[in-house]
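Down below is the structure, laid out as C-alpha cells.
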Amino acid sequence: MPRLAANFGFLFTERPLIERFGAAAAAGFRAVEQQLPYAVPAAAVKAELDRHGLTQLGINMPMGQADEFGLTALPGREREFDVAFRQALDYVGAIGGTAIHCLAGVVSPDRRPAADATFVSNLRRAADEAAPRNITLLIEPINRRDRPDYFLSYVEHAADVIAKVGRPNVRIQFDCYHVQIMQGDLIRRIERQLPLIGHVQIAAVPSRHEPDSGEVNYPAIFAALDQVGYTGWVAAEYRPRGRTEDGLGWMRDGTS
C-alpha cells in the first residue's frame with residue numbers, strides 16, 4: 001500500500017490554495033505537493049501544513065514565459081534559471097518541503113543538442129545549492145502529446161541526464177500517466193530505474209481522471225512498488241471528473 005499524497009495543482013481546486021490543506025487532510029491525505037504556490041506567503045502555507053499535520057513534498061520551479069513550461073534546458077536562459085531556482089529553493093525551505101521539480105521546458109528540435117548541455121549544467125549547479133538544505137531535485141519525463149516538443153519525455157533520457165549530472169540529490173519524478181503514453185511497460189521501467197526514482201505520480205490513461213479506469217492497472221503498479229521496496233510517496237495528480245471529494249472512492253475501494 002503506497003503512501004498517498006495530494007497534488008494541489010489538480011486536486012481540491014474548487015477552493016483557494018490556502019483552504020486545500022484542510023480539505024486534503026479531511027479526505028485522508030497525509031502529504032501534499034504544490035505546483036506554483038508563490039502567490040501565497042510561505043508563512044501562511046507553513047501554518048496550514050502544521051495545523052493539519054501534513055508533510056510537504058515538492059513544488060515546481062517558476063516556468064518562464066508563456067508556453068515555455070520550464071527553464072532548466074533552455075540555452076541562453078541560465079541567469080533566469082538561477083533566479084527562478086533560488087526563488088523555489090527559498091520557498092520550499094520556508095515551508096519545510098523536500099523537493100523541487102526542475103521543469104526542462106519546450107525546446108525545438110534544432111536546439112536539442114545545446115539544450116542537453118544546458119540541462120546538465122543547470123542541474124549540477126542547482127543540485128550543489130540544494131544539497132546543504134537536503135532538497136532533492138526532480139526531473140520528470142512529460143509526454144509530447146500533451147506538451148509538444150517538451151525536452152524530456154523518456155525515462156531513459158532522464159536516467160542518462162542524472163548520470164551526467166553526477167549528483168545524488170537529482171532523481172526522476174516517475175509520472176505513470178506520462179510514461180504510459182510515451183513508452184508503456186511501467187512495471188519493468190520501475191524495476192529498472194528504482195534507484196533513480198525519487199517520486200511517483202498517478203492518473204488514469206488516457207483521460208487523466210481518477211486512477212480507477214483506463215488502461216493502467218494501478219493495483220498492479222502499487223503491488224510492484226511494494227515488491228521492489230519503493231518507500232516514497234505516490235501523488236494523485238489527476239483531473240477529477242467532478243468535485244474532488246466525490247471522486248476519492250479509489251482510495252477506499254481497493255484501487256489503493
Side-chain angles (χ1 to χ4, degrees), residues 1-37 40 42-60 91-92 95-101 136 138 140 171 173-180 186-187 190 197-205 207-256:
M1 171 72 76
R3 298 184 295 166
L4 298 172
N7 182 295
F8 282 168
F10 286 76
L11 270 58
F12 304 104
T13 58
E14 305 91 343
R15 300 169 171 81
L17 177 60
I18 205 67
E19 297 178 10
R20 296 175 198 172
F21 300 91
F29 290 103
R30 294 294 171 258
V32 300
E33 60 184 13
Q34 304 178 61
Q35 293 188 339
L36 299 168
V40 179
V45 169
K46 184 65 165 63
E48 286 298 297
L49 289 163
D50 292 344
R51 180 176 296 118
H52 298 288
L54 292 167
T55 296
Q56 171 64 48
L57 304 178
I59 64 173
N60 286 1
Y91 195 99
V92 80
I95 65 175
T98 60
I100 298 171
H101 176 197
T136 297
L138 297 172
E140 177 184 10
R171 311 288 292 280
Q173 183 160 282
F174 192 103
D175 188 321
C176 295
Y177 167 79
H178 291 299
V179 178
Q180 174 66 13
L186 295 176
I187 290 175
I190 288 168
I197 294 175
H199 189 51
V200 174
Q201 295 175 324
I202 59 171
V205 180
S207 67
R208 207 171 192 178
H209 289 320
E210 286 85 348
D212 56 6
S213 65
E215 64 192 51
V216 177
N217 181 350
Y218 277 110
I221 297 296
F222 295 159
L225 289 169
D226 285 344
Q227 186 172 6
V228 299
Y230 176 73
T231 58
W233 294 87
V234 173
E237 190 190 42
Y238 61 80
R239 296 187 182 95
R241 298 182 185 96
R243 181 174 172 267
T244 299
E245 287 88 344
D246 294 341
L248 294 176
W250 65 271
M251 294 174 61
R252 301 183 295 272
D253 67 6
T255 303
S256 61

- Beyond-backbone contact of Ile190 with Val200, side-chain heavy atoms, under 4.5 angstrom: no
- Sequence neighbours left out, what pairs pass side chain to side chain donor-acceptor pair (under 3.5 Å) with at least one residue falling in residues 15-27? Arg15-Glu245
- Output the distance between atom CD (Gln34) and atom CG (Leu49), rounded to the nearest 0.5 Å. 6.5 Å
- Message: Can you confirm whether Tyr218 sits close enough to Val234 that some side-chain heavy atom of one is under 4.5 Å from a side-chain heavy atom of the other?
- Response: no
- Query: Partners of Gln35 by side chain to side chain donor-acceptor pair (under 3.5 Å), sequence neighbours excluded?
  - Reply: Glu237
- Close side-chain approach of Ile221 and Cys176, heavy atoms under 4.5 Å: yes
- Message: Counting only heavy atoms from other residues, nucleotides and ligands, does the tally under 6.0 Å from CD of Glu14 exceed 12?
- Response: yes
- Given side chains that start at C-beta, do those of Pro211 and Val216 come closer than 4.5 Å, heavy atoms only? no
- Message: Holding to ring-ring contact (aromatic ring centres under 6.0 Å, His included), I want the full list of residues that pass it with Tyr91, two or more places apart in sequence or in another chain.
- Response: Tyr38
- Task: Starting at CD1 of Ile202, measure out to CD of Glu210 and round the result to the nearest 0.5 Å.
- Result: 10.5 Å
- Query: Looking only at heavy atoms, which two atoms of Phe29 and Ala6 are closest? And how far apart?
  - Reply: CD2-N, 3.6 Å
- Work out which heavy atom in His52 is nearest to a heavy atom in Ala25; give both atom names and the distance. CB-CB, 3.9 Å
- Query: For Pro240 and Thr244, which heavy atoms make the closest approach, and how far apart are they?
  - Reply: CG-OG1, 3.7 Å
- Message: Within this structure, what is the CD1-CG distance for the pair Ile187 and Asn217, rounded to the nearest 0.5 Å?
- Response: 7.5 Å
- Message: Holding to side chain to side chain contact (heavy atoms under 4.5 Å, CB included), I want the full list of residues that pass it with Ala99, two or more places apart in sequence or in another chain.
- Response: Thr136, Leu138
- Task: With sequence neighbours left out, write down each residue that passes side chain to side chain donor-acceptor pair (under 3.5 Å) with Ser213, or none if nothing qualifies.
- Result: Arg241
- Message: I want to check something: taking the side chain as every heavy atom from C-beta on, are Leu11 and Tyr238 in contact at a cut-off of under 4.5 Å?
- Response: yes
- Got Val32 and Gln56 here, is their nearest side-chain heavy-atom distance under 4.5 Å? yes
- Item | Distance in Å, Gln201 CD paired with Gln173 CD, rounded so as to fall on 0.5 Å steps | 4.0 Å
- Message: Please find the pair of heavy atoms, one from Ile197 and one from Arg171, that lie closest to each other, and give the distance.
- Response: O-NH2, 3.0 Å
- Return yes if some donor-acceptor pair links the side-chain N/O of Arg239 with the main-chain N/O of His209 below 3.5 Å, else return no. no
- Query: So, for Leu248 and Ala27, which heavy atoms are closest and what is the spacing to 0.1 Å?
  - Reply: CD1-CB, 3.5 Å
- Query: Are His199 and His101 close enough that some pair of their side-chain heavy atoms sits under 4.5 Å apart?
  - Reply: no
- Task: Any pair with a residue in residues 2-25 that passes ring pair (Phe, Tyr, Trp, His ring centres under 6.0 Å), sequence neighbours left out, goes on the list, sorted by first then second residue, please.
- Result: Phe8-Phe21
- Between the CG atom in Leu225 and the CZ atom in Arg3, the distance rounded to the nearest 0.5 Å is 12.0 Å
- Note on the structure: Closest heavy-atom pair, Trp250 versus Ala236, reported as atoms and distance to 0.1 Å, is CZ2-CB, 3.9 Å
- Query: Is there side-chain contact between Trp233 and Thr98, with at least one heavy-atom pair below 4.5 Å?
  - Reply: no
